[in-house]
Amino acid sequence: MIFNKENFIKEYFRLLQLARRNLYYLLAGVGCMVVSTLFSGIQVGAIIPLADRILNDKPIVLPEHLPQFLVDLAYRLNTLDRHFLFYSLIFIVPVFAIFQGVFGYLQNYFMNVAAQKTVAETRGRIFRKYQELSLDFYSQKRQGELLARITHDIPYISNAISGGLSDMVFQSLQVIMFAIVALVISWKTVLFILIVFPLNALIIYAIGKTIKKQSRNSQEAMADLNSILVEANQGVAIVKAFLREEHEIERFEETSQRYYKATLKGICRNILLSPITSIFMAVAISAVFWMGGSDVMAGKVSFGVFAFFILSLISIYRPFNKLTAVYGTNQQAMPAVKRVYNILDLKSKIMDAKDAVICPVPQQGIALEGVFFRYNKSEEDWTLQDLSHDFEVGKTTALVGPTGCGKTTITNLLLRFYDPDQGQILVDGKDIRGLTVVSLRQHMGLVTQDMILFNETIRANLQYGKLDATDEEIYEAARKALALEFIEKMPRGLDTVIGDRGFKLSGGQKQRLCIARAILKNPRILLLDEATSALDAESEYFVQQALDNLMKDRTVIVIAHRLSTIRNADCILVMDQGRIVQKGVHDELLKTSELYARLASYHFNQ
């Protein structure tokens, strides 16, 4: 009924693959289910001697053609004293109930351990994958959507394992055991009942398809909700400045309503499964009474055997009803499984080559040779085109040009966030695609205009540059970046937590911490996106001196907006529309480059 579609089977096995590391817990849970099911069957079977021998003092009469060991067992029970049977059942049934309860607890324990470990491992795998993927992936995804993969989709997988898989195995064992009992007692009656099952299965399957659809709609709406929440929180200052609070509330409520409707539709269809199955089972049991009752009145079977047969069918009904609910749970989980694997199956576009070598300490410099690049491969226009230049060791190269000319793209390529579409980038004459990514980036320090800090202590943020840095090294880096003075005024000094994205700090303080972090790393290659842009004139002067000292014997590439930075550069690259249109020094370019002269006159902050 449940596994009649190849696509569903494939998706379900992918779900089980997520739990493969916890196979031992799953097998232990299944083993406990088998034992618990046997004890359950024995307890139900106690109705035969209770009804026939103890209460009615009549012999147990079995149907014909039963296995000999059952005939022998019935004969043995018929010869025992009814009082002995009575007291034996009083003792045996509670003992078996205790064993069933213990193994029932263990099965739930092992299955929940497997589910929670799988959830934790899958969250970890997704987060690890996020860290491995290149920036190209993030440029195409919303943050809220990525957040939903971990926060919203994973619980569906947990339910499918702890509840869905557990119930599917356990309830299936119950159905199998009691179905065998019922078939042994009266196979003709059971076959008659099975006639109504295909219709029930078709209805459940049709409902299950709509549950899967609504679950997918619900999960997509939740991803949209997360995106709106992340955007509104990150842009809270802009939202308030432009008086757009009501607009954001309307966006959120509209998407929340869409999530509510999709979720409710799925729930309404899910809760239909149980009543439908109940109706079919009620019809089937009524047919049993009509067919089996005549055998009891004719003396072909005893009342206890018939009662056991009825209880077996009822015992099939309850787990069968749960299996229909499991089908709904699994259908809800399948879209989540697919979305999780859409992340886990991705391969980063930036990976080490099989023969990649460790990047040595750069001694000669960096060279761009005929580099072409564009972010959107479907577009015709190039972000960078035919770019060639040698960045000399110990020299500072400033990149200037109008917005969108490709300055930041050069730093992205140097850090190998992306690879060129054509041409190559060389470090000491070696193509960076032949170097390991980790070793390449170890030699580079980055300070951007976007001041990225974490909701950690000042110490932890600075140690991003060097994890094993001593307090002495941290203080020295902070001093060079002119950050030490305000750090010492903080309530807990280096151990002060600075809030999300450094919310508790001013813009200048955040930028100085970013500079200190780069200083602490002490890289051979510095990439600066106008690192002093958030500092006042006095702080800029001292920080520029510190950066000048740091730049000695290093290759420095700076995206420049301030005239002071440009004047001190050993070489200035004037860029326009992805090309280097002029090279030189400040005084020279003022005379030879109309574009540079215009930028210097109108755009550089002096």
Side-chain angles (χ1 to χ4, degrees), residues 124-141 143 146 343-377 383-384 387-391 393 397 399 406-448 450 452 454 461-469 514 517-529 554-559:
R125 290 176 63 190
I126 293 175
F127 187 77
R128 176 178 289 275
K129 179 62 69 172
Y130 284 165
Q131 304 309 304
E132 292 173 352
L133 292 171
S134 63
L135 292 189
D136 182 65
F137 166 77
Y138 290 96
S139 67
Q140 303 173 38
K141 298 291 183 180
Q143 290 189 29
L146 301 180
I343 299 297
L344 296 180
D345 289 342
L346 288 175
K347 300 294 184 183
S348 176
K349 294 184 178 180
I350 305 299
M351 299 179 66
D352 290 340
K354 292 182 179 180
D355 56 350
V357 298
I358 301 296
C359 179
V361 176
Q363 300 291 337
Q364 302 170 22
I366 303 172
L368 304 181
E369 294 186 352
V371 170
F372 285 79
F373 176 78
R374 54 188 165 208
Y375 290 100
N376 190 340
K377 308 308 178 187
T383 305
L384 297 178
L387 218 63
S388 296
H389 181 73
D390 291 337
F391 298 92
V393 166
T397 303
L399 307 178
K407 301 185 296 292
T408 300
T409 301
I410 291 178
T411 64
N412 287 338
L413 293 178
L414 293 175
L415 283 161
R416 214 179 162 214
F417 292 156
Y418 303 89
D419 279 335
D421 294 310
Q422 298 178 30
Q424 58 183 346
I425 300 174
L426 308 175
V427 173
D428 284 1
K430 298 178 180 177
D431 193 323
I432 62 173
R433 286 171 290 199
L435 305 174
T436 63
V437 174
V438 171
S439 65
L440 172 68
R441 293 174 185 169
Q442 281 176 340
H443 296 304
M444 293 189 178
L446 175 67
V447 179
T448 66
D450 190 9
I452 304 299
F454 302 93
N461 274 280
L462 296 185
Q463 285 180 323
Y464 245 71
K466 185 180 180 183
L467 294 178
D468 59 349
C514 292
R517 181 170 61 194
I519 292 173
L520 190 62
K521 186 176 182 181
N522 196 25
R524 300 296 301 174
I525 301 170
L526 283 175
L527 306 174
L528 308 175
D529 190 350
R554 305 181 198 281
T555 304
V556 180
I557 301 170
V558 54
I559 298 174

Roughly how far, to the nearest 0.5 Å, is CE of Met444 from SG of Cys359?
7.0 Å
Has Tyr464 got more than 12 heavy atoms of other residues, nucleotides or ligands less than 6.0 Å from its OH?
no
Treating Ser388 as the side-chain partner and Gly370 as the backbone partner, does any N or O pair qualify as donor plus acceptor under 3.5 Å?
yes
If every non-hydrogen atom of Gly365 is compared with every non-hydrogen atom of Val393, which pair is closest and at what distance?
N-CG2, 3.2 Å
Residues Leu384 and Gly406: closest non-hydrogen pair is CD2-O, 3.6 Å
Note: Asp352 and Val437 closest approach over all heavy atoms is OD1-N, 2.8 Å
Between Phe137 and Leu146, is a side chain to side chain contact (heavy atoms under 4.5 Å, CB included) present by the stated rule, with each step listed?
CA-CA 11 Å; Phe137 166 77; Leu146 301 180; 3.5 Å; yes
Assess the side chains of Thr409 and Tyr418: does a donor N or O sit below 3.5 Å from an acceptor N or O?
no
Nearest-0.5 Å distance, CG of residue Leu462 to CG of residue Leu467
12.0 Å
Could you measure the distance from the CG atom of Leu387 to the CZ atom of Phe372? Nearest 0.5 Å is fine.
9.0 Å
Heavy-atom closest pair (Arg416 atom, Ile350 atom, distance to 0.1 Å) is O-CG2, 3.3 Å
Check the pair Lys349 / Asp419 against side chain to side chain contact (heavy atoms under 4.5 Å, CB included), numbers first and verdict last.
CA-CA 8 Å; Lys349 294 184 178 180; Asp419 279 335; over 6 Å; no
Which heavy atom in Ala353 sits nearest to a heavy atom in Arg433, and how many Å separate them?
CB-O, 3.8 Å
Are there more than 12 heavy atoms of other residues, nucleotides or ligands under 6.0 Å from atom CZ of Phe454?
yes
Indicate the atoms forming the closest heavy-atom contact of Pro523 with Ala518, along with that distance.
CD-O, 3.4 Å
Can you list the steps and then say if Leu368 with Leu414 is a side chain to side chain contact (heavy atoms under 4.5 Å, CB included)?
CA-CA 9 Å; Leu368 304 181; Leu414 293 175; 4.2 Å; yes
Distance, nearest 0.5 Å, that separates CG of Leu440 from CG of Leu415
7.5 Å
In this structure, CG of Asn412 is separated from CG of Leu135 (nearest 0.5 Å) by 6.5 Å
Using modelled atom types and a 3.5 Å cut-off, is there a donor and acceptor pairing between side-chain atoms of Gln463 and backbone atoms of Ala469?
yes
I need the single residue from Asp431, Val371, Ile432 that forms a side chain to side chain contact (heavy atoms under 4.5 Å, CB included) with Gln424. Which is it?
Asp431
Spacing of CZ belonging to Phe417 relative to CG belonging to Asp136, to within rounding of 0.5 Å:
13.5 Å
His443 side chain to Pro362 main-chain N or O, any donor-acceptor pair under 3.5 Å?
no
Show the numbers, then the answer: is there a side chain to side chain contact (heavy atoms under 4.5 Å, CB included) between Val357 and Leu435?
CA-CA 5 Å; Val357 298; Leu435 305 174; 3.7 Å; yes
Can you confirm whether Lys129 is buried at NZ, in the sense that more than 12 heavy atoms of other residues, nucleotides or ligands lie under 6.0 Å from that atom?
yes
Which one of Thr411, Ile557, Val447 satisfies the side chain to side chain contact (heavy atoms under 4.5 Å, CB included) criterion with Leu528?
Val447
